[in-house]
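Have a look at the structure below before the remarks.
Remember, predicted model here, so these are calculated numbers, not experimental data.
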Amino acid sequence: MHLSGALLLLTFLVPPGWVLDAYGAAPASDPPADVPPFMIFLAVVFGCVSFHVAVQIPSGLLGTWLGRNRTAGVSYVLVLAVAGVLTAVVLWGALGAGHAAQILPLWADFMARGSLAMAAYVWLSRRLRTGPAQRSVAR
């Protein structure tokens, strides 16, 4: 589980658009209104941890449980479907957006980043479930 969270955090090495917009958003003539860089960093870390706890862990567990007797591709699709719904609910609740169009860019950003991390989780859970003895017999 923590592998997917660590990979999610690594995806933020390429900053999302809202981080770039927040950095230096205040005019140069009003220094107190500018957001300090460490607050932007904390917002990224908080968003990453919140997404991991509220979306990745539940969707990874539920998707793995639902897809336990299916192929890895079906498990991954189930994980993404659950994650998509949870992401929409969490963003809608956190931002209080009235229209879906208001949260769509942020939803797409989190889903793109989360899908990479959850792919690693599905791959790892499949790899660990088949023990070394079963893998060596299958070869």
Side-chain angles (χ1 to χ4, degrees):
M1 297 269 181
H2 296 300
L3 173 68
S4 64
L7 290 173
L8 178 68
L9 190 57
L10 287 176
T11 64
F12 280 96
L13 291 175
V14 177
W18 62 269
V19 170
L20 297 175
D21 290 342
Y23 187 75
S29 62
D30 190 12
D34 202 9
V35 177
F38 76 90
M39 290 301 291
I40 297 171
F41 175 74
L42 287 177
V44 168
V45 171
F46 179 73
C48 180
V49 168
S50 299
F51 182 79
H52 182 63
V53 170
V55 174
Q56 273 189 316
I57 291 174
S59 63
L61 289 173
L62 185 61
T64 302
W65 179 71
L66 290 173
R68 67 185 174 276
N69 295 324
R70 295 179 177 91
T71 64
V74 172
S75 294
Y76 183 63
V77 169
L78 289 170
V79 168
L80 282 183
V82 171
V85 171
L86 285 176
T87 302
V89 168
V90 166
L91 287 175
W92 181 73
L95 300 178
H99 302 289
Q102 293 174 332
I103 64 168
L104 188 61
L106 193 55
W107 178 87
D109 181 60
F110 272 110
M111 285 304 299
R113 293 169 190 280
S115 64
L116 293 173
M118 287 184 287
Y121 172 75
V122 169
W123 178 81
L124 184 65
S125 68
R126 284 275 182 205
R127 212 52 158 150
L128 292 177
R129 192 168 335 127
T130 59
Q134 290 176 348
R135 275 187 262 147
S136 63
V137 171
R139 289 183 188 169

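Put simply, CG on Leu91 and CD1 on Ile103 are 5.5 Å apart, with the number rounded to the nearest 0.5 Å. Thr11 OG1 to Leu8 CG: the interatomic distance, rounded to the nearest 0.5 Å, is 4.5 Å.
In the hydrophobic cluster analysis, where Ile, Leu, Val, Met, Phe, Trp and Tyr join through side-chain heavy atoms closer than 4.5 angstrom, Leu9 is grouped apart from Val55. Phe51 and Leu116 fall into different hydrophobic clusters, where Ile, Leu, Val, Met, Phe, Trp and Tyr side chains are chained together by heavy-atom contacts under 4.5 Å.
In terms of modelled atom types and a separation under 3.5 Å, the side chain of Trp107 and the main chain of Gly84 share a donor-acceptor contact.
Under the 4.5 Å side-chain criterion, counting only non-hydrogen atoms from C-beta, Leu80 is in contact with Met111. Between Pro58 and Leu86, the closest side-chain pair of non-hydrogen atoms falls below 4.5 Å.
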